[in-house]
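Below is one structure; the comments refer to it alone.
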Number of protein chains: 2
Amino acid sequence: MNDNSDATTGSYRLDDQVGFILRRANQRHLALFARDIPDLTPTQFAALAKLCELGQASQNALGRATAMDAATIKGVIDRLRKRGLVAARRDADDARRVHLSATDQGQQLYAALLPRAREISKETLAPLAPREAAVFLQLLEKLAGE
Amino acid sequence: MNDNSDATTGSYRLDDQVGFILRRANQRHLALFARDIPDLTPTQFAALAKLCELGQASQNALGRATAMDAATIKGVIDRLRKRGLVAARRDADDARRVHLSATDQGQQLYAALLPRAREISKETLAPLAPREAAVFLQLLEKLAGE
DNA sequence: CAGGAATTGTTCGTGTACTAACAGAAGTTG
DNA sequence: CAACTTCTGTTAGTACACGAACAATTCCTG
């Protein structure tokens with residue numbers, strides 16, 4: 001009767017909606033990231049990290065691997081290239097593709113930032129007890145889909 | 001030993017990091033919102049909803065209530081005003097403040113969109129069982145902080 | 001009351017994020 | 001092989017999101 005979680009009957013409070021809280025949680029994480037790794041944005045770090053994991057990738061493929069669309073990954077890669085962290089060359093087999101790889105400098109930076117990246121994940125989850133954090137991650141993963 | 005959740009020792013996989021999954025979950029929600037309510041962005045809806053909840057507010061106060069900084073809320077309010085959903089006037093008591101309120105049109109739109117907004121929250125949580133959703137929301141709230 | 005501090009709103013610059021439209025290359029099929 | 005389709009990357013436009021700097025106003029405190 002008094003169930004606010006009902007999708008059609010209960011009252012609607014913005015502060016209780018998943019989307020709104022999700023946005024705030026994301027904001028908190030972004031703030032932690034910016035504080036601990038000021039020289040790279042989370043998105044840039046994600047692209048660099050994934051590229052280091054994969055070794056190499058085409059631009060759009062890297063975008064898919066990091067959940068960025070073609071337009072977004074382009075800007076991110078442009079900035080990483082301008083800073084000499086990522087190298088790009090035209091693919092020999094497929095003239096459409098841009099072949100990407102992390103430069104030595106990019107790999108070194110990635111390695112150097114790894115401890116801080118781990119810290120950020122830890123700090124982000126700090127409000128939760130270890131058990132809670134594990135449960136949360138599992139449910140969040142489900143929610144993210146794909 | 002083989003614990004990937006350890007913040008200083010384990011291996012680092014981008015796909016397992018809170019921040020990355022949080023971003024993907026947010027993306028999924030944004031896509032659902034855009035599909036079900038194409039005429040308003042989630043942020044615009046949040047501002048309108050909060051303003052309807054509160055009745056009235058100054059611009060920065062509304063920003064705080066919706067987790068937007070001064071620069072962001074300004075743009076959002078500008079767009080809502082341009083569409084006649086929100087009215088603004090200089091505050092009589094405090095010449096700095098912009099007094100905001102939802103217009104009749106704004107309130108009607110808000111009321112009309114409410115069922116869809118509820119649906120979006122429901123759809124967002126759809127990958128989770130009801131029990132899981134409840135747990136998730138609680139943990140997410142903790143994570144968002146403040 | 002005077003002068004410093006805090007608040008309110010604005011502007012600028014940078015960086016995601018997505019849609020839509022496009023060109024060129026590669027793959028598929030009749 | 002020619003037409004169609006798909007895939008790759010690019011560009012333009014809109015909308016958050018935040019830091020930094022700023023002017024005007026109000027508050028606070030000596």
Side-chain angles (χ1 to χ4, degrees), chain A residues 19-20 22-35 37-48 57-83 85-86 88-100, chain B residues 19-20 22-35 37-48 57-83 85-86 88-100:
Chain A
F20 185 67
L22 219 38
R23 178 164 143 272
R24 290 200 295 120
N26 211 41
Q27 281 177 345
R28 177 165 162 274
H29 173 259
L30 295 179
L32 288 175
F33 198 103
R35 195 197 61 186
I37 304 187
D39 28 321
L40 231 50
T41 67
T43 322
Q44 288 166 8
F45 181 79
L48 180 60
S58 76
Q59 189 170 286
N60 280 6
L62 184 61
R64 285 190 290 272
T66 50
M68 304 179 208
D69 71 358
T72 301
I73 191 70
K74 187 196 186 302
V76 174
I77 291 300
D78 281 353
R79 278 165 226 122
L80 291 177
R81 286 175 63 179
K82 199 177 297 179
R83 295 180 48 178
L85 302 173
V86 165
R89 59 174 169 73
R90 219 73 208 184
D91 192 296
D93 298 334
D94 190 334
R96 296 170 301 180
R97 282 201 174 89
V98 175
H99 178 95
L100 299 178
Chain B
F20 185 68
L22 219 38
R23 177 164 144 272
R24 290 201 294 119
N26 211 41
Q27 281 177 346
R28 177 166 161 274
H29 172 259
L30 295 178
L32 289 174
F33 198 104
R35 194 196 62 187
I37 304 187
D39 29 321
L40 231 49
T41 66
T43 321
Q44 288 167 9
F45 180 80
L48 180 60
S58 75
Q59 189 170 286
N60 280 5
L62 184 61
R64 286 190 291 271
T66 51
M68 306 178 207
D69 72 356
T72 300
I73 191 70
K74 186 196 187 303
V76 174
I77 291 300
D78 282 353
R79 278 165 227 122
L80 291 177
R81 286 175 61 178
K82 199 177 297 178
R83 294 179 51 178
L85 302 172
V86 165
R89 58 172 169 75
R90 221 72 210 187
D91 191 297
D93 298 333
D94 189 334
R96 295 169 302 180
R97 281 201 175 90
V98 176
H99 178 95
L100 298 178

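In the text below, chain A, chain B and the rest are named by the order of the sequence lines, each starting its count at 1.
For DNA chain D, the residues of residues 74-82 of chain B within the heavy-atom distance limit of 4.0 Å (strictly under) are B/Val76, B/Arg79, sorted by number.
Under the side-chain contact (heavy atoms from CB on, under 4.5 Å) rule, B/Leu62 has a single partner from B/Val98, B/Leu100, B/Leu48, which is B/Leu100.
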Every protein N/O lying under 3.5 Å from an N/O of nucleotides 24-27 of chain D:
residue: D/dT25; atom: O2; partner: B/Arg96; partner atom: NH1; Å: 3.2
residue: D/dT26; atom: OP1; partner: B/Ala95; partner atom: N; Å: 2.8

Practice item. I would like to know whether A/Arg97 and A/Gln59 meet side chain to side chain contact (heavy atoms under 4.5 Å, CB included); could you show each step before the answer? Key: CA-CA 7 Å; A/Arg97 282 201 174 89; A/Gln59 189 170 286; over 6 Å; no
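Note on the helix from C/dC1-D/dG30 to C/dG30-D/dC1: angle between the axes of the first and last five pairs equals 20°, rounded to 10 degrees.
At a threshold of 4.5 Å between non-hydrogen side-chain atoms, the residues A/Leu85 and A/Leu40 count as touching.
What separates CG of B/Asp39 from C1' of D/dT14 is a distance of 16 Å, to the nearest Å. Rounded to an integer number of Å, the gap from A/Leu62 CG to D/dG9 C1' is 14 Å. In this structure, CZ of A/Arg24 is placed 13 Å from P of D/dC18, rounded to the nearest angstrom. One interatomic measurement links the two molecules: CG of A/Asp69 to P of D/dT10, which rounds to 13 Å at whole-angstrom precision. For the pair A/Asn60 CG and D/dT8 C1', the interatomic distance rounds to 5 Å; values are reported in whole Å. Atoms CD (B/Gln27) and C1' (D/dA15) sit 15 Å apart, rounded to a whole Å.
With the nearest nucleotide of DNA chain D identified for both A/Ser58 and B/Met68, A/Ser58 has the one nearer the 5' end. Summary of the strand contacts: B/Arg23 and B/Gln59 both lie near DNA chain C, and taking for each the nucleotide with the nearest heavy atom, the more 5' one is attributed to B/Gln59.
Within the structure, a side-chain polar atom (N or O) of B/Thr41 is placed less than 4.0 Å from OP1 or OP2 of D/dC16.
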Enumerate donor-acceptor pairs with a distance under 3.5 Å from any side-chain N or O in residues 69-78 of chain B to protein atoms, sequence neighbours excluded.
residue: B/Asp69; atom: OD1; partner: B/Ala71; partner atom: N; Å: 3.4
residue: B/Asp69; atom: OD1; partner: B/Thr72; partner atom: N; Å: 2.8
residue: B/Asp69; atom: OD1; partner: B/Thr72; partner atom: OG1; Å: 2.7
residue: B/Lys74; atom: NZ; partner: B/Asp78; partner atom: OD2; Å: 2.7

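Residues satisfying the side chain to side chain contact (heavy atoms under 4.5 Å, CB included) criterion with A/Arg64, sequence neighbours excluded, are A/Asn60, A/Ala61. Under the side-chain hydrogen bond (donor to acceptor under 3.5 Å, both in side chains) criterion, B/Arg96 pairs with B/Asp94, not counting sequence neighbours. Residues passing the side chain to side chain contact (heavy atoms under 4.5 Å, CB included) test with B/Asp93 are B/Asp91, sequence neighbours excluded. Qualifying side chain to side chain contact (heavy atoms under 4.5 Å, CB included) partners for B/Arg35, counting only residues two or more places apart in sequence or in other chains: B/Leu32, B/Glu123.
The heavy-atom pair separating B/Ala95 from B/Arg90 by the smallest distance is O-NE, 3.2 Å. In plain terms, the two heavy atoms of B/Met68 and B/Ala46 that are nearest each other are CE-CB, 4.4 Å. Between A/Pro42 and A/Leu30, the shortest heavy-atom distance links the atoms CG-CD2, 3.6 Å.
A/Thr72 comes within 4.0 angstrom of a base, heavy atoms only.
Applying the salt bridge (Lys or Arg N to Asp or Glu O under 4.0 Å) test to pairs two or more places apart or on separate chains, those with a residue in residues 22-34 of chain A are A/Arg24-B/Glu141.
Atom-to-atom distance recorded for A/Asp39:CG and A/Phe45:CZ is 10.5 Å, nearest 0.5 angstrom.
In terms of modelled atom types and a separation under 3.5 Å, the side chain of B/Gln44 and the main chain of B/Arg79 share no donor-acceptor contact.
Interface limits on DNA chain C: the 5'-most and 3'-most nucleotides within less than 4.0 Å of chain A heavy atoms are C/dG15 to C/dA26.
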